[in-house]
Amino acid sequence: MNRIYNILFLFGMVMLVNVSCLDLEEDTSSLLQVGQIASEADIEANISPIYVSVRRTNNDPHFLRTATYGADDITTWIAGNKAPLRVFDRFDYGSGENSDINWLPVAWDNYWQTIYYCNTLIEGLKTSSASEALVKLADAEARVFRAHSYLNLVKIYGNVPLILDGYLPTGEEQRATVLANYQQIESDLLIAEVSLPAPGSESTGRASAGFAKTVLADLYLTWAGWPVKDNSKYALAAAKAKEVIDYNYYTLLPIEELWTFEGALSTETIFSVRYPADESRWSSQGTAFTFHQGRGFSDCFPELRFYNDFPEGPRKDYTFLLDIPNRNAPGGVITPRNPPTIWWEDSDRGHPMYRKYVFAEDLTIFSRPVNFRPFDLYRYAEVLLIYAEAQARVGENASSIEALNQVKRRAAGLPYATPNGTVDVATATPNEIIDEKGWELAAENKRWFDLVRSERVAEMAAKRDPSEPVTLVRMPTAAQYIAPIPFESISLSKLVQNPEGFKIQ
């Protein structure tokens with residue numbers, strides 16, 4: 001166990017700082033060292049911490065998304081303890097400053113911890129005596145989550161060291177280039193996609209080949225944009241997304257079913273993080289997205305301009321909540337006040353709430369609203385839009401336009417597979433598809449990365465409603481596209497802070 005704690009300390013991965021609301025205690029008592037993963041039981045003991053780490057990573061959206069608040073689909077409260085979120089909401093960074101704020105290390109810490117568990121398993125499997133089929137499957141599961149963690153690290157912080165074994169880093173590691181990071185991520189995913197089970201045949205809550213291919217499509221789309229700008233990767237993104245579509249397994253739910261509990265267990269879900277109620281494992285999505293007057297924390301709500309520009313229709317109705325809950329909790333029991341709701345313009349935050357994250361909230365467990373609804377890392381609508389955008393950049397075709405129209409039909413409350421002249425389009429530009437994706441995946445931790453890779457951050461910041469309480473420190477440039485590496489991690493290693501350490505290729 002000392003090996004785990006040492007690696008966590010060295011890279012600033014201590015998970016229990018300022019996170020008292022987490023109850024996801026991780027049982028690593030059976031976690032083995034490299035060279036000791038032999039039997040099927042050993043393998044399962046080393047897969048479990050990977051999934052627990054992924055669950056913990058996605059438990060608290062405001063912690064995980066701290067560095068993404070420059071996106072136009074989210075903003076935060078002007079007061080309270082939201083100062084770390086406001087740093088990014090107002091673009092108060094760019095030359096390494098504010099690297100010591102609370103919550104900035106959470107994404108860094110969690111993704112590195114997941115990588116460590118994946119590395120330990122991948123290395124240990126090289127000498128395992130378990131069956132070849134089991135070894136290949138376990139290796140693929142570890143590789144897909146290692147790749148996903150690395151992709152998110154690079155999206156947030158820029159180029160990072162490539163640490164690919166299960167042993168302690170020395171602190172001497174250097175940052176690889178962005179290109180080298182992408183190439184390693186691609187290598188892992190190309191292995192994973194051929195060894196993971198087809199969608200629908202995976203064990204409950206586990207990764208499938210559809211998940212690996214979706215992450216790969218996301219990688220290629222990112223690779224084609226800022227900062228590497230390798231346009232050849234658009235065709236690969238389109239092709240990989242089309243492979244997911246061609247499974248003919250995934251579907252779009254009716255919009256009224258999408259944000260139900262069952263909606264995250266449906267064939268719209270590519271991969272979702274599970275929060276089992278029978279283990280008392282809940283997520284804090286509901287708490288983060290609910291205003292204080294509704295017993296939440298007011299961490300995240302839509303910018304006014306984003307809400308006002310959002311196309312009218314059923315999708316908007318199910319994305320936003322306008323009658324804001326008005327509650328208290330006498331004796332720790334959440335109880336409606338009189339009146340039970342307040343219109344959003346008169347609410348304590350003066351903004352709509354995100355309905356999608358409170359649609360399946362549970363008010364009976366705690367004095368704050370929580371969620372047992374699984375959290376989607378990717379869903380089928382995103383695959384359709386990746387395909388539509390990537391293909392539009394290399395030459396749109398009938399199937400890519402149909403992919404876009406399927407999302408638009410569902411947004412209008414129509415059967416998604418049936419053409420409809422009132423909503424269908426015959427052509428679309430890449431930016432129009434990115435905007436559609438922004439509305440479809442609002443507040444799902446996608447918009448910031450789409451704006452960065454397409455170099456549209458300043459365009460959207462210029463449209464910010466002047467009445468927003470959080471005001472901009474500066475108009476953003478490419479200096480704000482990546483976050484500073486957390487101060488503690490810089491201090492404990494020879495990593496070079498952004499922007500000096502940022503190297504593309």
Side-chain angles (χ1 to χ4, degrees), residues 50-51 54-55 57-58 61 64-65 68 73 107 111 114 140-141 143-156 185-186 188-189 192-193 196-200 202 204-223 236-253 258-259 263-275 283 285 356-357 373-390 403-404 406-407 410 433-434 436-450 453:
I50 295 173
Y51 282 90
V54 171
R55 182 172 67 203
T57 299
N58 291 277
L64 178 65
R65 303 177 187 187
T68 72
D73 62 335
Y111 288 128
T114 301
E141 284 189 273
R143 286 181 187 275
V144 74
F145 287 112
R146 181 168 75 176
H148 182 258
S149 297
Y150 261 115
L151 180 57
N152 281 288
L153 283 172
V154 178
K155 284 181 176 183
I156 298 170
I185 295 165
E186 178 187 39
D188 273 345
L189 293 171
E193 69 171 343
L196 288 169
E202 74 273 23
T204 300
R206 303 285 279 264
S208 72
F211 176 45
K213 290 179 185 292
T214 299
V215 181
L216 194 50
D218 187 12
L219 167 67
Y220 288 139
L221 196 66
T222 304
W223 196 334
L236 295 178
K240 197 55 61 176
K242 189 64 163 59
E243 288 180 25
V244 179
I245 294 168
D246 287 346
Y247 276 122
N248 293 316
Y249 172 81
Y250 298 108
T251 61
L252 296 180
L253 287 179
L258 180 56
W259 297 109
L265 305 174
S266 71
T267 51
E268 173 141 356
T269 293
I270 304 291
F271 180 81
S272 63
V273 181
R274 307 300 177 95
Y275 295 92
S283 84
Q285 306 289 337
K356 59 170 62 176
Y357 286 113
R373 184 188 186 277
F375 175 75
D376 291 310
L377 293 187
Y378 291 96
R379 54 189 179 87
Y380 185 51
E382 182 173 359
V383 174
L384 292 171
L385 293 168
I386 289 175
Y387 175 55
E389 183 200 337
L404 172 62
Q406 287 187 5
V407 175
R410 196 267 295 275
I433 299 169
I434 290 174
E436 185 70 35
K437 188 178 179 186
W439 297 320
E440 175 64 30
L441 304 177
E444 295 181 47
N445 204 22
K446 308 289 183 175
R447 178 68 168 169
W448 171 250
F449 304 120
D450 285 338
R453 66 176 174 81

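The first residue of the sequence shown is numbered 1, and numbering continues consecutively from there. All heavy atoms count here, side chains included; hydrogens, waters and symmetry mates do not. Note that this is a predicted model, so its numbers are computed, not measured.
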Checking side chain to side chain donor-acceptor pair (under 3.5 Å) between Asp218 and each of Lys240, Lys446, Lys155, which is the one that passes?
Lys155
Begin from the C-alpha positions of Ile270 and Leu377 and carry the test side-chain contact (heavy atoms from CB on, under 4.5 Å) through to its verdict.
CA-CA 8 Å; Ile270 304 291; Leu377 293 187; over 6 Å; no
Would a distance-only check, ignoring hydrogens and angles, find a side-chain to backbone donor-acceptor pair under 3.5 Å from Thr68 to Trp448?
no
For the OH atom of Tyr111 and the CG atom of Leu153, what is their distance to the nearest 0.5 Å?
7.5 Å
Whether Gln285 side chain and Asn58 backbone form a donor-acceptor pair below 3.5 Å
yes
Tyr275 side chain to Arg55 backbone, donor-acceptor under 3.5 Å
yes
Are the side chains of Arg146 and Ile50 in contact, using a 4.5 Å heavy-atom criterion?
no
I'd like to know if the side chain of Arg447 reaches the main chain of Leu441, judged simply by a donor and an acceptor atom lying under 3.5 Å from each other, with no hydrogens or angles considered.
no
Find the distance between CG (Leu221) and CD1 (Ile434) and round it off to the nearest 0.5 Å.
7.5 Å
Hey, are the side chains of Tyr380 and Thr267 touching, using non-hydrogen atoms and a 4.5 Å cut-off?
no
Do you know which two heavy atoms are closest between Leu253 and Arg410, and how far apart they sit?
O-NH1, 2.7 Å
List the atom of Leu196, the atom of Ala207, and the distance in Å for their closest heavy-atom pair.
CD2-O, 3.9 Å
Glu202 side chain near Glu141 side chain, heavy-atom distance below 4.5 Å
no
Between Asp376 and Thr269, is there a donor-acceptor pair closer than 3.5 Å when you use the side chain of the first and the backbone of the second?
no
Restricting to non-hydrogen atoms, name the atom on Leu258 and the atom on Arg373 that form the minimum distance, rounded to 0.1 Å.
O-NH2, 2.8 Å
Closest approach of Ser272 and Ala264, non-hydrogen atoms and distance?
OG-O, 3.3 Å
Between CG of Asp188 and OH of Tyr150, what distance do you get to the nearest 0.5 Å?
9.0 Å
Rounded to the nearest 0.5 Å, how far does NZ of Lys437 lie from CG of Asp450?
3.5 Å
Between Leu252 and Glu268, what is the shortest heavy-atom contact and its length?
CA-OE1, 3.3 Å
Close side-chain approach of Pro61 to Asn445, heavy-atom, < 4.5 Å:
no
In short, Ala238 meets Tyr387 closest at the heavy-atom pair O-CD1, 3.3 Å
Side chains of Leu404 and Leu384: closer than 4.5 Å at any heavy-atom pair?
no
Test log, rule side-chain contact (heavy atoms from CB on, under 4.5 Å), inputs Asp73 and Trp439
CA-CA 8 Å; Asp73 62 335; Trp439 297 320; over 6 Å; no
Between Arg65 and Ala443 (side chain of the first, backbone of the second, donor and acceptor by atom type, cut-off under 3.5 Å), is there such a pair?
yes
Using only atom types and a distance under 3.5 Å, with no angle test, would you say the side chain of Tyr250 pairs donor to acceptor with the backbone of Pro199?
no
side-chain contact (heavy atoms from CB on, under 4.5 Å) assessment of Glu389 paired with Glu436:
CA-CA 10 Å; Glu389 183 200 337; Glu436 185 70 35; over 6 Å; no
Any side-chain heavy atom of Glu444 sitting closer than 4.5 Å to one from Phe375?
no
Once the angle between the rings of Phe145 and Phe211 is folded into 0 to 90°, is it parallel (under 30°), tilted (30 to 60°) or perpendicular (over 60°)?
tilted
Find out whether Val144 and Leu189 are in side-chain contact, i.e. whether some heavy atom of one side chain is under 4.5 Å from a heavy atom of the other.
yes
Report yes if the side chains of Tyr51 and Arg206 come closer than 4.5 Å at any heavy-atom pair, otherwise no.
yes
Using the ring of each side chain (for Trp, its six-membered ring), is His148 parallel, tilted or perpendicular to Tyr378, with breaks at 30° and 60°?
perpendicular
